[in-house]
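Please see the structure below; I have some questions.
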Amino acid sequence: MECKVCEMLCKGAVGVAKAAAGIGCAPYRVVGERQRKCAACPHRVVTVVPLFGEVPRCNLCGCAIEIKTLLADVECPLHGPEKQWGKVP
């Protein structure tokens with residue numbers, strides 16, 4: 001695997017662990033706003049994952065939207081005025 005792929009997998013695993021443990025999560029209001037914006041984004045895709053079913057994810061960064069939007073220290077991968085949401089200060 002390329003370094004970039006390994007890096008993405010490691011970041012994803014850390015994000016899943018943090019979300020599962022409730023560490024570094026954004027406030028519920030922020031999570032809801034983020035998920036609404038992602039639901040309307042043209043880069044949102046749905047992947048069928050065995051045992052989990054349909055999983056909405058970002059086609060730009062590959063993250064599972066339901067997990068990424070929970071974390072306070074992450075942001076939308078779009079740049080400039082297209083960015084939908086940022087990190088929670």
Side-chain angles (χ1 to χ4, degrees):
M1 273 190 235
E2 289 182 21
C3 260
K4 186 71 172 169
V5 173
C6 292
E7 181 182 333
M8 286 177 61
L9 289 173
C10 288
K11 282 184 179 179
V14 169
V16 169
K18 286 171 67 175
I23 298 169
C25 291
Y28 290 116
R29 176 188 54 77
V30 172
V31 173
E33 290 172 9
R34 289 175 169 185
Q35 288 181 350
R36 280 190 293 282
K37 289 178 180 180
C38 288
C41 181
H43 299 290
R44 178 187 179 272
V45 296
V46 176
T47 303
V48 177
V49 178
L51 301 176
F52 292 101
E54 294 183 349
V55 177
R57 64 180 187 82
C58 175
N59 203 34
L60 295 177
C61 65
C63 290
I65 291 171
E66 291 179 13
I67 294 171
K68 183 166 188 158
T69 55
L70 283 173
L71 302 172
D73 64 347
V74 296
E75 59 189 356
C76 171
L78 291 170
H79 299 285
E82 294 181 359
K83 183 180 290 295
Q84 295 296 309
W85 48 271
K87 297 178 183 182
V88 175

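We use all heavy atoms of the structure for the numbers below, so side chains are in, but hydrogens, waters and symmetry mates are not. Residue indices begin at 1 and follow the sequence shown.
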Indicate yes or no for a side-chain donor-acceptor contact from Q35 to the backbone of E33 under 3.5 Å, with no hydrogens or angles considered.
no

Side chain to side chain, P56 and E66, heavy atoms closer than 4.5 Å
yes

Smallest heavy-atom separation, L71 atom then R34 atom, equals O-NH1, 2.6 Å

To the nearest 0.5 Å, what is the distance between OG1 (T47) and CG (N59)?
8.0 Å

For the residue pair I65 and C58, what are the closest heavy atoms and their distance?
CG1-N, 3.8 Å

Compare all side-chain heavy atoms of K68 with those of C61 and state whether any distance is below 4.5 angstrom.
yes

Nearest 0.5 Å, what's the CD-NE2 distance between Q84 and H43?
9.0 Å

With side chains defined as the heavy atoms from C-beta onward, is the minimum distance between T69 and W85 less than 4.5 Å?
yes

For K83 and L78, indicate whether the former's side chain and the latter's backbone hold a donor-acceptor pair under 3.5 Å.
yes

